[in-house]
Amino acid sequence: MRHLKQIHAHIIRNGLSNDPVLVTKLISLSSSHSIDYSTLIFNQIQSPTTFTYNIMIRSCTNNAAPHDALLLYLIMLHRGIPPDKFTFPFVIKACIALDSLAIETGRAVHALAVKTGFSTDIYLQNTLMDLYLKFGLLDCGRAVFDKMRVRSVVSWTTMVAGLVASGELEAAIEVFEAMPVRNVVSWTAMINGYVRNGQSYGAFELFRRMQIEGVGPNEFTLVGLLLACTELGSLTLGRWIHEFACKNGFEMNVFLGTALIDMYSKCGSVEDAVKVFEEMPERSIATWNSMITSLGVHGHGNEAVTLFTKMDKVNARPDAITFVGVLCACVNACMVHEGLEFFKVMTELCNIVPSFEHYRYIFELLGRAGMWHEAYELAENIPRNKLDVCVWRALLRVCETHDKAELGKVAYERIVELHSLDDSMPPNQIQLQHHCFEREVE
DNA sequence: TTAGGGTTAG
């Protein structure tokens, strides 16, 4: 970023700040470090063109600001700057990055693309398919696919991946088998389809077929296969994939490394997980989380906590999942006071809003420490939202295991009370829960 | 300047 700013200064001093090529290059290069800086450059352009808008829209989406991307698109239309064939895929990608509420915007963009004559662009069609399929509108995705006059391997793969994500394994297989050409991405998408649908042997069968047909796997493929090993609980197969990766010179990137750690941990070899972790040249938050969780569930609570404290030294910021792992480790290792301290760090220092899982572990810790009043206070102070019923349930659960009938009854009454405020809960379900509780109390 | 596949909790 420092070098980029120096270059930017030279550009200004040499009177080149209106050169569209230089300016757009600056925008896209700076966006991954500071979207604010990119916006600053963009706002200084005297007469922005379709091209500069496209670049700015793409930069926003690629850097966690899809909402701004849509806003820019609207401003662009408002200013009368015409979108082109590049604009539409970028805007649809912004919709995909948002939640499914953006589907209406997506449809409107689709409509405008039809009106302006860009709807037959293969890049747009592929992106639209992706949008509809990812938001569960399988018929719409299919309709785009069926209307395409030319389909590339990307079109077919998008269809396969979309069906797989919706659990439509049979339909995905049908499309996959009908593909005229398959590349490593297509094979990987299909392998993951088998894994996600609990058919891990099918995934390995496909891996064999892929190699017979002369397509080599890459890191993505191996990650899918490692998930299959994890699902099967097969340390032997997992080791084989690991050896395959080493023998074939695969780069130990964060995804492959993390999948290996997770596989070793869940297949019972925490030693191998640690070995992989220590040898990784680069780690993501998922890598840390996987390793901490692994140590925690294997009864190495102290090691998990030590590793957690190391995160700070390498500037890795813990997230909500990290604390689920740490709290779980504390529960398993009976580190009551440490756990309570971490919960404090999480909420007060890291500003992480506790989820149901955090409450579950924290109630367990408080229960073990006999701090029932604190547990009650904690549940009582949760603002009214969707989570509070779950939290009282978590407390009820802990009360049950610790034979804490009195507080359990309070928790139970709160659950019934909150349900009665919730119209979406049918009365017979409340009755049923009431019945269950009475029986448990007896 | 554009399109598709990947890791962590529960």
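The sequence lines fix the lettering, A, B, ..., with proteins before strands; numbering per chain opens at 1.
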Student: Heavy atoms under 4.0 Å, any strand shown: does A:Tyr361 hit a base, just sugar-phosphate, or nothing?
Tutor: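 Answer is sugar-phosphate: A:Tyr361 comes under 4.0 Å of backbone atoms only.
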
Student: Within the 4.0 Å heavy-atom criterion, would you say A:Thr287 contacts the bases, only the backbone, or no part of the nucleic acid?
Tutor: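 Here A:Thr287 touches no strand at all.
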
Student: What is the distance, to the nearest angstrom, from the CZ atom on A:Phe323 to the P atom on B:dG10?
Tutor: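 Interatomic distance, CZ of A:Phe323 to P of B:dG10: 16 Å.
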
Student: With centres under 5.5 Å and planes under 30°, do A:Phe255 and B:dT7 count as stacked?
Tutor: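 Taking the rule of under 5.5 Å and under 30°, the ring of A:Phe255 does not stack on B:dT7.
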
Student: Considering every strand and a 4.0 Å limit on heavy-atom distances, what is the contact class for A:Ser152: base, sugar-phosphate, or nothing?
Tutor: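 Counting heavy atoms under 4.0 Å across all strands, the contact made by A:Ser152 includes a base.
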
Student: What integer distance in Å separates A:Trp288:CH2 from B:dT8:P?
Tutor: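 One finds 18 Å between P of B:dT8 and CH2 of A:Trp288, rounded.
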
Student: Mind checking A:Asp319 for me? I need base, sugar-phosphate or nothing, with any heavy atom below 4.0 Å counting as a touch.
Tutor: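 The residue A:Asp319 makes no contact with any strand.
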
Student: Answer with base, sugar-phosphate or nothing: what part of the nucleic acid does A:Val164 contact at a heavy-atom distance below 4.0 Å?
Tutor: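 Touches nothing.
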
Student: Give the ring-plane orientation class for A:Phe88 versus A:Tyr73, where under 30° counts as parallel, over 60° as perpendicular and anything between as tilted.
Tutor: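 The arrangement is perpendicular - the two ring planes meet at more than 60°.
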
Student: Drop me the distance from A:Asp262's CG to A:Leu227's CG, to the nearest 0.5 angstrom.
Tutor: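 CG of A:Leu227 is found 7.5 Å from CG of A:Asp262.
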
Student: Among the nucleotides B:dA3, B:dT7, B:dA9, which one has an atom lying closest to any side-chain atom of A:Thr258?
Tutor: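 Between B:dA3, B:dT7, B:dA9, the one nearest the side chain of A:Thr258 would be B:dT7.
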
Student: OP1 or OP2 of B:dA3 versus the side-chain N and O atoms of A:Lys134: is any pair under 4.0 Å?
Tutor: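 For B:dA3, neither OP1 nor OP2 has a side-chain N or O of A:Lys134 closer than 4.0 Å.
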
Student: Please report the distance, rounded to the nearest Å, between CG in A:Leu163 and C1' in B:dG4.
Tutor: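 Going from A:Leu163 (CG) to B:dG4 (C1'), I get 13 Å.
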
Student: Is A:Val223 touching bases, backbone alone, or none of the nucleic acid, heavy atoms closer than 4.0 Å?
Tutor: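 Sugar-phosphate, no base atom in range.
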
Student: A:Leu327 CG to B:dA9 P: how many Å, rounded?
Tutor: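 Between P of B:dA9 and CG of A:Leu327: 15 Å.
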
Student: Students often get this wrong, so: under 4.0 angstrom with heavy atoms, is A:Val184 touching a base, only sugar-phosphate, or nothing?
Tutor: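 Base, at least one base atom sits under 4.0 Å.
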
Student: Within the 4.0 Å heavy-atom criterion, would you say A:Ser284 contacts the bases, only the backbone, or no part of the nucleic acid?
Tutor: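 Contact class for A:Ser284: base.
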
Student: Select base, sugar-phosphate, or nothing to describe what A:Lys25 touches, counting heavy atoms under 4.0 Å on all strands.
Tutor: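 It contacts nothing in the nucleic acid.
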
Student: Is there a donor N/O on one and an acceptor N/O on the other, under 3.5 Å, for the side chain of A:Thr158 and the base of B:dG4?
Tutor: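 Side chain to base: no pair present.
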
Student: Using a 4.0 Å heavy-atom cut-off across all strands, classify A:Arg182 as base, sugar-phosphate, or nothing.
Tutor: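 Answer is nothing: A:Arg182 stays at 4.0 Å or more from every strand.
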
Student: Using a distance-only criterion (donor-acceptor N/O pair, under 3.5 Å, no hydrogens), is the base of B:dG6 paired with the side chain of A:Asn192?
Tutor: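 Looking at the base of B:dG6, it does not pair with any donor or acceptor on the side chain of A:Asn192 (distance under 3.5 Å).
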
Student: Closer than 4.0 angstrom, basic N to acidic O: yes or no for A:Glu177 and A:Arg209?
Tutor: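 Yes, A:Glu177 and A:Arg209 are salt-bridged.
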
Student: Roughly how many Å is it from CD1 in A:Ile292 to C1' in B:dA9, rounded to a whole number?
Tutor: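 Between C1' of B:dA9 and CD1 of A:Ile292: 12 Å.
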
Student: When you check the gap from the basic side-chain N to the acidic O, do A:Glu400 and A:Arg397 get nearer than 4.0 Å?
Tutor: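 Salt bridge: no.
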
Student: What's the CG-P distance between A:Asp121 and B:dG4, to the nearest Å?
Tutor: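 Rounding to the nearest Å, CG of A:Asp121 and P of B:dG4 are 13 Å apart.
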
Student: For a quick check of understanding: with a heavy-atom distance under 4.0 Å over all strands, which category does A:Leu226 fall into, base, sugar-phosphate or nothing?
Tutor: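 Here A:Leu226 touches no strand at all.
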
Student: Which of the following nucleotides, B:dG5, B:dG6, B:dT1, is nearest to the side chain of A:Arg196?
Tutor: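 Closest nucleotide among those given: B:dG6.
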
Student: Give a yes or no on whether the ring-centroid distance for A:Trp392 and A:Tyr412 is below 6.0 angstrom.
Tutor: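 No, too far apart.
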
Student: Would you say the base of B:dA3 stacks on A:Tyr123 (centre-to-centre below 5.5 Å, plane angle below 30°)?
Tutor: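 Not stacked: fails the 5.5 Å / 30° test.
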
Student: Show the numbers, then the answer: is there a side chain to side chain donor-acceptor pair (under 3.5 Å) between A:Thr221 and A:Asn218?
Tutor: CA-CA 5 Å; A:Thr221 323; A:Asn218 62 16; 3.1 Å; yes

Student: Taking OH from A:Tyr132 and P from B:dA3, how many angstroms apart are they, rounded to a whole number?
Tutor: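 Answer to the nearest Å: 19 Å.
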
Student: If you look at every strand shown and take non-hydrogen atoms under 4.0 Å, does A:Asn54 touch a base, only sugar-phosphate, or nothing?
Tutor: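 Touches a base.
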
Student: Would A:Phe42 and A:Tyr53 count as a close aromatic pair, with their ring centres under 6.0 Å?
Tutor: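 That pair passes the under 6.0 Å test.
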
Student: Any idea which of B:dT8, B:dT1, B:dG5 is nearest the A:Asp262 side chain?
Tutor: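 Nucleotide nearest to A:Asp262's side chain: B:dT8.
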
Student: Hey, does the side chain of A:Lys93 come within less than 4.0 Å of B:dT1's phosphate (OP1/OP2), counting only N and O?
Tutor: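 Indeed not, no polar side-chain atom of A:Lys93 lies that close.
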
